[in-house]
Amino acid sequence: MYAIVEIAGVQTKVESGKFFYTNKLSGNEGDAVEFANVLLTDDNGTLSVGAPFLDNIKVTGTIQGHAKADKVIVFKKKRRKGYKKKNGHRQQYTKVLINTIG
């Protein structure tokens, strides 16, 4: 069984018993999270599609930890002007383990 869930404007496919990474969520390691914006579920070929969301279906999970992605370098330059700017950025993610769908 899997579900398509909208989390912070991003649609993600989640399966029971598996983990995924999403944009950083507020909460500590071990806290329970609940996602109510379920767009679609599939239970062994039985497909349920919401308009836009399914009623009475929630996905629950547990926060496993927080992590950072690899550094992305942003380099700006204008030739012959002496303008150079270098910035770096590391996106923060949350690892979530899905407990139940339904």
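The figures here come from the full heavy-atom set of this structure, side chains too, leaving out hydrogens, waters and symmetry mates.
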Enquirer: Kindly say whether Asn28 contributes a backbone atom to a donor-acceptor pair with the side chain of His66 at under 3.5 angstrom?
Expert: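 No: the side chain of His66 does not pair with the backbone of Asn28.
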Enquirer: Cationic tip of Lys95 within the cone over Phe19's six-membered ring, i.e. under 6.0 Å and within 45° of the normal?
Expert: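 Geometry flag: set, cation within 6.0 Å and 45°.
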Enquirer: Let's go through Ile7 and Asn37 carefully: what are the C-alpha distance in whole Å and the side-chain angles of both, what is the deciding distance for side chain to side chain contact (heavy atoms under 4.5 Å, CB included) to 0.1 Å, and is it a yes or a no?
Expert: CA-CA 7 Å; Ile7 304 167; Asn37 293 344; over 6 Å; no
Enquirer: Counting N and O atoms only, with roles assigned by atom type, does the side chain of Asp43 sit under 3.5 Å from a partner on the main chain of Thr46, one being a donor and the other an acceptor?
Expert: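 No, because the side chain of Asp43 does not come within donor-acceptor range (under 3.5 Å) of the backbone of Thr46.
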Enquirer: If you define the side chain from C-beta out and look only at heavy atoms, does anything of Asn23 sit under 4.5 Å from Gln91?
Expert: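 They are in contact (side-chain heavy atoms under 4.5 Å apart), so the answer is yes.
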Enquirer: Indicate yes or no for a side-chain donor-acceptor contact from Arg90 to the backbone of Ala69 under 3.5 Å, with no hydrogens or angles considered.
Expert: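 Checked: pair present.
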Enquirer: Measuring from Lys86:NZ to Lys77:NZ, what's the distance to the nearest 0.5 Å?
Expert: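 Reported to 0.5 Å precision, the distance equals 13.5 Å.
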Enquirer: List the atom of Val59, the atom of Ala3, and the distance in Å for their closest heavy-atom pair.
Expert: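 Taking every non-hydrogen atom into account, CG2-CB, 4.4 Å.
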Enquirer: Do Lys76 and Lys84 pass the side chain to side chain contact (heavy atoms under 4.5 Å, CB included) test, and can you show the C-alpha distance, the side-chain angles, and the key distance before you say yes or no?
Expert: CA-CA 6 Å; Lys76 298 179 181 180; Lys84 291 189 281 185; over 6 Å; no
Enquirer: What is the minimum heavy-atom distance between Pro52 and Leu39, and which atoms define it?
Expert: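 Answer, listing the atom of Pro52 first, then Leu39: O-CD2, 3.2 Å.
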Enquirer: Taking atom CG of Asn87 as the centre, does the number of heavy atoms from other residues, nucleotides or ligands within less than 6.0 Å exceed 12?
Expert: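 Counting neighbours around CG of Asn87, more than 12 heavy atoms of other residues, nucleotides or ligands fall under 6.0 Å, so yes.
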Enquirer: Please answer: with hydrophobic residues joined when any side-chain heavy atoms are less than 4.5 Å apart, are Leu54 and Val33 in the same cluster?
Expert: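 Shared cluster, yes.
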Enquirer: First locate atom CD of Glu34, then atom NZ of Lys58, and finally report the distance between them rounded to the nearest 0.5 Å.
Expert: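 The CD atom of Glu34 sits 4.5 Å away from the NZ atom of Lys58.
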Enquirer: Quick one: do Val14 and Ile63 end up in the same hydrophobic cluster if we chain Ile, Leu, Val, Met, Phe, Trp and Tyr together by side-chain heavy atoms under 4.5 Å apart?
Expert: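 Yes, one cluster joins them.
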Enquirer: Is it true that the side chains of Asn99 and Thr62 contain a donor and an acceptor less than 3.5 Å apart?
Expert: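 Indeed, the side chains of Asn99 and Thr62 share at least one donor-acceptor pair under 3.5 Å.
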Enquirer: Do Phe35 and Ile4 belong to the same hydrophobic cluster, where Ile, Leu, Val, Met, Phe, Trp and Tyr are linked whenever their side-chain heavy atoms lie under 4.5 Å apart, directly or via other members?
Expert: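 Different hydrophobic clusters.
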Enquirer: Treating Ile, Leu, Val, Met, Phe, Trp and Tyr as nodes and any side-chain heavy-atom pair under 4.5 angstrom as an edge, say whether Tyr2 and Val96 lie in one connected cluster.
Expert: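 Result: no, two separate clusters.
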Enquirer: For the atom pair CE (Met1) and CD1 (Ile98), what is the distance rounded to the nearest 0.5 Å?
Expert: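 The CD1 atom of Ile98 is 12.0 Å from CE of Met1, to the nearest 0.5 Å.
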Enquirer: Quick one: CD on Gln64 to OH on Tyr21, what's the gap to the nearest 0.5 Å?
Expert: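 Between Gln64 CD and Tyr21 OH, I get 9.5 Å after rounding to 0.5 Å.
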Enquirer: Under the side chain to side chain contact (heavy atoms under 4.5 Å, CB included) rule, what do Lys13 and Val5 come out as? Steps first, then yes or no, please.
Expert: CA-CA 6 Å; Lys13 179 181 177 182; Val5 181; over 6 Å; no
Enquirer: Run the side chain to side chain contact (heavy atoms under 4.5 Å, CB included) test on Leu47 and Leu40 for me, step by step, so that the C-alpha distance in whole Å, both residues' side-chain angles and the decisive distance to 0.1 Å come before the verdict.
Expert: CA-CA 7 Å; Leu47 196 66; Leu40 178 139; 3.9 Å; yes
Enquirer: Step by step, would you call Thr94 with Thr22 a side-chain hydrogen bond (donor to acceptor under 3.5 Å, both in side chains)?
Expert: CA-CA 5 Å; Thr94 299; Thr22 184; over 6 Å; no
